[in-house]
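Reading through the structure tokens given below for one structure.
Predicted model only: the values in this text are computed from it and were never measured.
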Amino acid sequence: MSKENNFYITTTLAYTNSDPHLGFAAELIKADVIARWQSLAGKQVVFNTGTDEHGLKIFQQAKAAGLSPRAYCDYYAARFASLKKVLDLSFTNFIRTSDDYHEKAAQEFWRRCAENGDIYKKTYSVKYCVGCELEKTESELVDGRCPLHPNRELELIEEDNYFFRFSKYQQPLLDFYKNHPDFIIPSHRFTEIKNFVAAGLQDFSVSRLKSKMPNGVPVPGDDEQVMYVWFDALVNYISTLGWPNNEENFQAFWPAVQVCGKDNLRQQTAMWPAMLLSAGLPLSRQVLIFGFLTANGQKISKSLGNGVDLFTLVSQYGADALRYYLLTEIPPFEDGDFSEERLIQKYNADLANGLGNLVARVSNLLEKNNIITSLSTDNEAAARYLSKEENLASYQFSRTLQSIWQDITACNEELSARAPWKLTEREAIAAVLRPLAERILIIATRLQPFLPTTAKRLIAQFTQAQIIKGEVLFPRLDAKSKTV
RNA sequence: CGCGGGAUAGAGCAGUUGGCAGCUCGCCAGGCCCAUAACCUGGAGGUCGUCGGUUCGAAUCCGACUCCCGCAACCA
């Protein structure tokens with residue numbers, strides 16, 4: 001297999017301390033559109049996602065539940081894996097960072113960084129709140145005190161941790177950024193990270209004491225330490241390809257297009273590249289930084305669970321409707337607000353009244369007049385067609401969908417203007433309807449990356465010799481069916 | 001002067017190199033009747049956050065200001 005014909009995209013891994021939420025669903029769906037698009041355009045695609053199962057929070061929650069971290073994560077890993085069906089995703093790989101092959105890969109990665117002199121031990125002082133019985137990070141503190149126990153002094157605890165020589169890679173990173181102007185999309189995130197790196201980098205800790213927090217990958221050659229959770233987590237992007245054992249597969253697909261939320265900017269575009277440089281591996285191809293989603297104007301909070309439930313939404317409206325809403329109404333790279341009311345509006349206006357009704361009009365007229373068509377799908381032609389979607393190449397999902405919907409409107413206009421129901425000659429009616437059926441088939445072809453189920457159904461329907469009306473595609477919704 | 005983003009019709013958003021302010025939903029009025037009370041045509045609705053500048057002309061360029069939102073190092 002030639003490398004040019006391969007495409008690799010990966011999302012971030014979901015942290016398994018709660019159910020999947022809408023923001024992560026949006027990330028998966030956008031990655032899925034890109035993956036499906038590349039695949040339809042003829043590429044061999046690896047699409048990776050999975051779960052991140054190390055770290056303190058999971059350790060504590062597992063302990064509280066009386067389970068091992070792995071057993072505790074089994075439930076959530078299954079929930080996340082089920083998104084493949086629920087959201088109609090095409091991911092090919094689902095990695096769990098507790099998988100054995102991943103842990104071995106993380107250790108090999110660590111060794112390479114260590115061999116390069118980039119990992120060293122240092123005494124590290126952490127702030128500890130006796131009230132919470134927890135270590136606190138600077139960002140958690142208010143005026144240098146624990147916001148939950150402002151009357152207590154924080155204790156300083158010293159412990160030995162391994163550190164990664166991030167500072168060493170400041171200039172190499174800046175050089176890389178300069179030579180790869182499309183490395184980060186959108187460009188303002190690129191500006192942000194360039195400023196951050198240019199301001200100077202501090203080495204960061206990459207391990208924790210096993211005695212305090214055993215839920216991590218053992219540090220090679222040190223029984224007392226485990227890797228800090230995201231050091232091993234980032235390695236999933238290559239361990240999922242079989243690195244370091246399956247060098248052939250790794251070479252065939254790496255580097256990846258990575259997608260992530262804006263909270264991951266530093267890890268994905270500065271720390272991970274520095275780690276790759278240290279390990280002597282090529283850097284990622286591109287990183288897409290998505291915005292955040294709020295729900296009805298409020299922050300989606302995992303812990304409070306005040307987000308709209310993903311599984312309920314899909315059972316109510318279907319995966320394609322949710323996909324359509326998220327792709328058209330939420331700007332891919334900026335923050336957006338999810339509103340169920342808007343979802344219903346879009347569903348009725350575009351899916352039911354627009355696409356669904358057009359399909360019903362044309363198929364009904366074809367059936368009633370016994371008109372035979374002979375349309376077929378030509379995969380190569382479809383691939384050529386899709387590869388020309390320029391807006392998709394720049395990740396402007398809504399623009400491609402807009403252009404598809406312009407076609408739908410145009411078909412509706414044409415149908416109204418030529419009013420075949422007023423004609424009596426069957427051939428005259430057919431002359432109006434056959435080209436419309438063909439246009440619907442093209443619309444279906446173009447819809448494949450976005451609304452896979454709908455597209456499949458339409459293609460099956462419109463490649464029949466005698467096209468029949470069939471079931472309503474998107475039944476109109478009453479505003480009262482809202483679940484919230 | 002820490003970094004970055006945003007402010008355009010009731011709502012959600014577009015506005016490439018400055019040239020009569022657009023799209024979708026919603027709303028109103030006609031038409032049509034094949035279709036999922038759907039479709040088609042037309043209409044109402046905006047001093048483009050504020051102030052000042054450059055220009056024949058600024059939502060668009062420059063300056064100042066106001067208000068919102070992220071990030072500010074270990075929150076995967």
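Residue-environment remark: CD (A:E367) exceeds the threshold of 12 foreign heavy atoms within 6.0 Å.
Closest approach to the A:Y228 side chain among B:rA73, B:rC74, B:rA11 is made by B:rC74 (side chain taken as heavy atoms from C-beta onward). Nearest to the side-chain atoms of A:R266 among the listed nucleotides B:rG4, B:rA72, B:rA11 stands B:rA72.
For the C1' atoms, the distance linking B:rC48 with B:rG22 amounts to 12 Å, nearest Å. Comparing the C1' positions of B:rC25 and B:rA44 gives an interatomic distance of 16 Å, to the nearest angstrom. Taking the P atoms as reference points, B:rA14 lies 10 Å from B:rG6, given to the whole Å. For the P atoms, the distance linking B:rC71 with B:rC1 amounts to 24 Å, nearest Å. B:rA7 and B:rC40 have their P atoms separated by 31 Å, given to the nearest Å. Atom name C1', nucleotides B:rG18 and B:rA59: the rounded distance is 10 Å, in whole Å. B:rA64 and B:rC56 are spaced 26 Å apart, taking the C1' atom of each and rounding to whole Å. Spacing between B:rG70 and B:rC61 at atom C1', rounded to whole Å, works out to 27 Å.
Going from atom CD of A:E192 over to atom C1' of B:rA73 covers 13 Å, rounded to whole Å. In this structure, A:R399 places its CZ atom 18 Å from P of B:rG22, rounding to the nearest Å. Nucleotide B:rC1 holds its P atom 15 Å from the CG atom of A:N195, rounded to whole Å. Residue A:K262 contributes atom NZ, which lies 7 Å from atom C1' of B:rC69 at whole-angstrom precision. In this structure, CD1 of A:I404 is placed 17 Å from P of B:rU24, rounded to the nearest angstrom. When the C1' atom of B:rG31 is taken as reference, atom CZ of A:R418 falls 20 Å away, rounded to whole Å. Rounded to a whole Å, the CD atom of A:Q402 is 11 Å from the P atom of B:rC25. When rounded to the nearest whole Å, the span between CG of A:L265 and C1' of B:rA72 equals 12 Å.
Taking the six-membered ring where tryptophan is involved, the planes of A:Y76 and A:Y72 are perpendicular, since the angle between them exceeds 60° and thus also 30°. Ring geometry, A:W230 versus A:Y228: the interplanar angle exceeds 60°, so the pair is classed perpendicular (tilted spans 30 to 60°). In this pair, A:F204 and A:F166 present their aromatic rings perpendicular. The plane angle is above 60°, beyond the 30 to 60° band.
RNA chain B is contacted by both A:Q345 and A:D203; A:Q345 maps to the nucleotide lying nearer its 5′ end (nearest heavy atom per residue).
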Sugar-phosphate atoms are those with a prime plus P, OP1 and OP2; base atoms are the rest. Using that split, label each nucleotide of nucleotides 32-45 of chain B B, S or - for protein heavy atoms under 4.0 Å, 5' to 3'. -SBBB-SSSS----
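Between A:L283 and A:L277 the shortest side-chain heavy-atom distance falls below 4.5 Å. Within the 4.5 Å cutoff, no side-chain heavy atoms of A:F163 are placed close to those of A:S207.
In summary, the aromatic rings of A:Y325 and A:Y347 are positioned with their centroids too far apart to meet the 6.0 Å limit.
Listed for the A:N369 side chain is a donor-acceptor partner under 3.5 Å among the backbone atoms of A:L365.
Within the 4.0 angstrom heavy-atom criterion, base atoms lie near A:Q202. Across all strands, A:D350 comes closer than 4.0 Å to no nucleic acid atom at all (heavy-atom distances). As judged by a 4.0 angstrom heavy-atom cut-off over every strand, A:T12 is placed among residues making no nucleic acid contact. Contacts of A:E53 with the nucleic acid, taken as non-hydrogen atoms under 4.0 Å apart, are absent.
The pair A:D74-A:R79 fails the salt-bridge criterion, with no side-chain N (NZ, NE, NH1 or NH2) lying under 4.0 Å from an Asp/Glu carboxylate O.
Of all non-hydrogen atoms in A:V217 and A:A106, the two that sit nearest each other are CG1-CB, 4.4 Å.
Each side-chain hydrogen bond (donor to acceptor under 3.5 Å, both in side chains) pair with one or both residues in residues 405-414 of chain A, not counting sequence neighbours, appears once here: A:R361-A:N412, A:D407-A:R446, A:E414-A:R418.
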Counting Watson-Crick and G-U wobble pairs with both distances under 3.5 Å, what is the dot-bracket string for RNA chain B, 5' to 3', using [ ] for crossing pairs and | for pairs to another strand? .((((((..((((.....[..)))).(((((.......))))).....(((((..]....))))))))))).....
